[in-house]
J.: 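This is the structure I want to talk about, given as structure tokens.
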Amino acid sequence: MKLLSKKVATVALLGSLVVSGALAGCSSNSTSSSSKDGQTTITVWGMGEEAKSLPKIAKDFEKENPKIHVQVQALPWDKAHDKLLTAVASKQGPDVVQMGTTWIPEFASAGALMDLSKSSDKYPELAADNFFDGSVETTKYDNKVVGVPWYIDTRVLYYRTDLLKKVGYDKAPQTWDELSDAAKKLKARGGNNYGISIDANEQSLSFMLARQNGSKLLDGNKPLFNQKEFVDAVKYMDSFFKNGSAPKNDIGLDAIAAFKGDGIVPMFISGPWMVKLINDQAPELKGKWATAVLPAKENNISALGGSDLSVFQYTKHKDAALKFAAYMSKPETQIEWLKLVNAMPANKKAWEDSSLQNDPNLKVFGEQMKNSQPVPVIKQWEPIAQAFLKSNEQIFRGGADVQKTMDDFNKKAEEILSK
């Protein structure tokens, strides 16, 4: 079953954040320049299909700033990392660069991203108070601010309201216990039906649940993955597989196909991109499904991903680059970006827009953002997360003892953190 990572649906979240083939003449190691008529040219790099819509925003920026020309280039996500490494090594690259939130530690530690700590003095649009606290955390590294939040990606619960009502739930499950109970009752419909999809390959899910159970994940440089809070969260996730309310294996259906019709999988946890997919691919479900903030244990913290915008350390046009980043941070610009690519705004004021307030399924993401956190902003996090996926597979597929497996994983995390 194709559930439910940002990478499959686009990428995110944990994921995890611009432009057109019309500008293909811009090479990957292009640099900024100033033309003879005094016009400054800056280069912006963005990632993925979404990036191909950025020239529209860039043209609007140029209308307000006729002395600045923006060259934009879209890079495939699978190529972008290597191109950025080349840019860092050569000290030649973009002026502004889209950074997936999990990439920030690596490139900030390499000295590739400009410290923007004082930039809000001249460009108030960049001030941290404009954005959700969780998204601001993704821009910080080593006591520096090396980016500005652009768009966000968090996780909420998707559920079939009609099917939940049949098993006694007039609203979404509010707690861990209710979620487990609802999933078991939905599974009891029989046949090939399940209660919920748990994507064991979504690395953010277990860490998200652990935080909901009170785990800090790390205490400085000390991993806490074999402590009770984390271990019990892993056991909770595994319980859905053990009682059969979540499928262990691919059952041959993608997320939308499993959600519609009889609702083979009537609940799942995913990001904002799924709202449009359901509306487009399952219009017959109108009025029969909804989104809700995540059920809570100690809290209902969700995972946070998305993208930031950073200024390349070696830019020759700092002010023009900052002016562009500030423009992209305005609420009205982020609402325009929402309309173009369905990416949720990081600016809190943007959520007052009617396009979000009048859509209950999108509005929920703004509510969840008040209680969403990124993964720890450290260079070693990605290898730790990959190591966890291998350990977790031993549990839900092989039936390995949870405590022992987490003891072993914690030792591996200690080794990774010591490097």
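Note that the coordinates shown come from a computational prediction; the quantities given were computed from them, not determined experimentally. Worth knowing before you read on, the calculation uses all heavy atoms, side chains too, and leaves out hydrogens, waters and symmetry mates.
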J.: Using only heavy-atom distances, determine whether the side chains of Asp353 and Ser355 contain a donor-acceptor pair under 3.5 Å.
T.: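 Their side chains do contain a donor-acceptor pair, which is all the 3.5 Å distance test asks for.
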J.: How long is the straight-line distance from CG of Leu294 back to OG of Ser372, given to the nearest 0.5 Å?
T.: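 Ser372 atom OG to Leu294 atom CG measures 7.5 Å (nearest 0.5 Å).
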J.: Any side-chain heavy-atom pair from Gln373 and Asp133 closer than 4.5 angstrom?
T.: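 No - every pair of side-chain heavy atoms lies 4.5 Å or more apart.
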J.: Can you tell me how far apart CG (Leu209) and OH (Tyr236) are? Round to the nearest 0.5 Å.
T.: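 Going from the CG atom of Leu209 to the OH atom of Tyr236 covers 7.5 Å.
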J.: Under 3.5 Å, is there a donor-acceptor pair between the Thr175 and Asp177 side chains?
T.: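 There is no such pair between these side chains.
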J.: Does the pair Lys412/Asp408 count as a salt bridge with the N-to-O cut at 4.0 Å?
T.: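 Result for this pair is no, no salt bridge flagged.
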J.: Before giving the answer on side-chain contact (heavy atoms from CB on, under 4.5 Å), spell out for Phe107 and Val146 the whole-Å C-alpha distance, their side-chain angles and the decisive distance to 0.1 Å.
T.: CA-CA 9 Å; Phe107 289 97; Val146 294; over 6 Å; no
J.: Please check if the distance between the ring centroids of Phe207 and Phe388 is under 6.0 Å.
T.: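 When the ring centroids of Phe207 and Phe388 are compared, they turn out to be within the sub-6.0 Å range.
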J.: How many angstroms lie between atom NZ of Lys411 and atom CG of Asp407, to the nearest 0.5 angstrom?
T.: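 The NZ atom of Lys411 sits 7.0 Å away from the CG atom of Asp407.
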J.: If I take atom CH2 from residue Trp351 and atom NZ from residue Lys370, how far apart are they, to the nearest 0.5 angstrom?
T.: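 Nearest 0.5 Å value for the CH2-NZ distance: 10.5 Å.
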J.: Within the 3.5 Å criterion, strictly below it, is a donor on Asp60 or Tyr327 matched to an acceptor on the partner's side chain?
T.: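 Absent: no donor and acceptor within the cut-off.
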J.: State, with a plain yes or no, whether a side-chain heavy atom of Val234 is found less than 4.5 Å away from one of Phe225.
T.: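 No, too far: nothing below the 4.5 Å cut-off.
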J.: As a test of understanding, state which of Glu137, Gln368, Lys348 forms a side chain to side chain contact (heavy atoms under 4.5 Å, CB included) with Phe132.
T.: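 Only one option passes, and that is Lys348.
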J.: Sequence neighbours left out, what passes side chain to side chain donor-acceptor pair (under 3.5 Å) with Lys165? Give chain and number order.
T.: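 Partners of Lys165 under the side chain to side chain donor-acceptor pair (under 3.5 Å) test: none.
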J.: Got a second to check how far Phe409's CZ is from Ile384's CD1, nearest 0.5 Å?
T.: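 Answer for the CZ-CD1 pair, Phe409 versus Ile384, is 6.5 Å.
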J.: Sequence neighbours excluded, which residues qualify as side chain to side chain contact (heavy atoms under 4.5 Å, CB included) partners of Asp238?
T.: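 Phe241, Lys242, Ile395, Phe396.
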J.: State plainly whether the residues Glu393 and Lys390 are in salt-bridge range, i.e. N to O under 4.0 Å.
T.: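 Result for this pair is no, no salt bridge flagged.
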J.: Can you give me the closest heavy-atom contact between Arg189 and Asn193, atom names plus distance?
T.: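 Heavy atoms of Arg189 and Asn193 come nearest at NH2-CB, 3.5 Å.
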J.: Of all residues at least two apart in sequence or in a different chain, which pass the side chain to side chain donor-acceptor pair (under 3.5 Å) check with Asn130?
T.: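 For Asn130, no residue satisfies side chain to side chain donor-acceptor pair (under 3.5 Å) once neighbours in sequence are set aside.
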J.: Just verifying a value: how many Å separate Leu322 CG and Leu116 CG, rounded to the nearest 0.5 Å?
T.: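 Those atoms lie 6.0 Å apart.
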